[in-house]
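All of these numbers come straight from a predicted model, not from anything done at the bench.
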Amino acid sequence: MIQATNQETKAVYNATTSAAGVYALAQLPAGTYQLSNAMLGFMPFVQRNVKVAAAESLQVNLHLQDIQLNTLGDGREFFVFADTPHPASTGPAPRMPDGKPDLSGMWYQQRTVDPGKPEMKAWAEAIVKERAENHARDFPQSRCQPLGIILAPKLLPWKTVQTPTLLVIISEIDLTRQVFLDGRSHPKDWNPTWLGHSIGHWDGDTLVVDTTGFNDKAWFDGGGIPHTEKMHITERFRRLDLGHLDIEFTIEGPDTFIKPWVIKRAAELAPNDEIQEYVCTENERDREHMVGK
């Protein structure tokens, strides 16, 4: 996906690729734009000051750098699979004995439907630029550290187990997460952690999850967008039917973002899959090659 952001109005326009690798933004209003990519598997790309005149057709050739170098088993086919919709049942969504939707299930990776457009303050933009220039050498997972609640379910399958008072989210590559549904509040004195502290409540058939108490270590994506301990994330989970789940993230951080950043995703049920054992440090051979520059 390529995004074109009007540098004056901040309006965002999205385009997805054709089979030939062509992105088309039809009837784009005249103005000066920033072009950027929001795709797994590629280094962040930004091209500023692209001028579009009225009634003009403009062709811009973009070179996206493959960060995996198409490594066998971890290259382009992996990212294509992760971002491709999977066939799934459209039968009725299951419900708990109290009538609330049951979100339990084994799910494929979360697919990005709308990546949103993070508007960052100057210090955060500087860090993103630095991490791009040093080839993301400080990416937490390169040290076998957690990915966090935004990135982990984007990369590998994940599982949800729901009870009336607790939702457990199990990631194949990350820490197990608890969302408390018993009406409790966030603790007043919480030691900041990778996953924060999550509480949930129902808004009709949508589970709204409120999470605070993060440390400042996790990355949102391979581009290295930073955050601080003041970050606040609201998630909305809605099971449309048996096999389809919509997820929306609203990310707030007044010292990092100019306005809330909204990401929309979807996931399909993976009834024949299961969480596999993942031990990052076992036979780990990557770190010595993460030299950056």
query: Taking the side chain from E119 and the backbone from K10, do they hold a donor-acceptor pair closer than 3.5 Å?
result: no
Count I, L, V, M, F, W, Y as connected when their side-chain heavy atoms are under 4.5 Å apart, and connections chain through other members. Are [X] and [Y] then in the same cluster?
| X | Y | answer |
| --- | --- | --- |
| L35 | V52 | yes |
| V161 | I199 | yes |
| M120 | I127 | no |
| L58 | V12 | no |
| I247 | L242 | yes |

message: Determine whether W219 and Q141 satisfy the following criterion, side chain to side chain contact (heavy atoms under 4.5 Å, CB included), listing intermediate values before the conclusion.
response: CA-CA 9 Å; W219 290 20; Q141 184 65 12; over 6 Å; no
query: Under 30°, 30 to 60°, or over 60°: which ring-plane class applies to W158 and F237, parallel, tilted or perpendicular?
result: tilted
task: Anything under 30° is parallel, anything over 60° is perpendicular, the rest tilted; go ahead and classify H197 against W190.
output: perpendicular
For [X] and [Y], work out which heavy atoms get closest and say how close.
| X | Y | result |
| --- | --- | --- |
| D221 | F139 | O-CE1, 4.5 Å |
| F257 | I251 | CE1-CG2, 3.9 Å |
| M96 | D102 | SD-CG, 3.5 Å |

Are [X] and [Y] ion-paired here, with the side-chain N under 4.0 Å from a carboxylate O?
| X | Y | value |
| --- | --- | --- |
| K230 | E252 | no |
| E133 | K129 | yes |
| K159 | E274 | yes |
| R177 | E235 | yes |

message: Are more than 12 heavy atoms, taken from residues, nucleotides or ligands other than E56, located less than 6.0 Å from that residue's CD atom?
response: yes
Does a side-chain heavy-atom distance below 4.5 Å link [X] with [Y]?
| X | Y | value |
| --- | --- | --- |
| I263 | D114 | no |
| W107 | T160 | yes |
| L195 | F214 | no |
| Y108 | L269 | no |
| P226 | V128 | yes |

Just by distance, no angles: are the side chains of [X] and [Y] close enough, under 3.5 Å, to form a donor-acceptor pair?
| X | Y | answer |
| --- | --- | --- |
| T250 | T234 | no |
| D241 | T90 | no |
| Q7 | N49 | yes |

- line: For W194, the ring-ring contact (aromatic ring centres under 6.0 Å, His included) test, sequence neighbours excluded, returns none
query: Please walk me through it: do T193 and N215 pass side chain to side chain donor-acceptor pair (under 3.5 Å)?
result: CA-CA 5 Å; T193 60; N215 62 30; over 6 Å; no
Chi angles and distances behind the side chain to side chain donor-acceptor pair (under 3.5 Å) call for T256, K121: CA-CA 6 Å; T256 306; K121 295 193 173 181; over 6 Å; no
- prompt: Does the pair H186 and D210 meet the rule for a side chain to side chain donor-acceptor pair (under 3.5 Å), with working shown?
  reply: CA-CA 9 Å; H186 292 301; D210 186 276; 2.6 Å; yes
message: side chain to side chain contact (heavy atoms under 4.5 Å, CB included) for T5 and Y33? Distances and angles first, verdict last.
response: CA-CA 5 Å; T5 305; Y33 290 84; 5.7 Å; no
statement: Partner of D205 under salt bridge (charged side-chain N to carboxylate O under 4.0 Å, His left out), picked from R95, K100, R236, R239, is R95
field: Rounded distance [0.5 Å steps], CD in Q109 versus CD in E172
entry: 8.5 Å
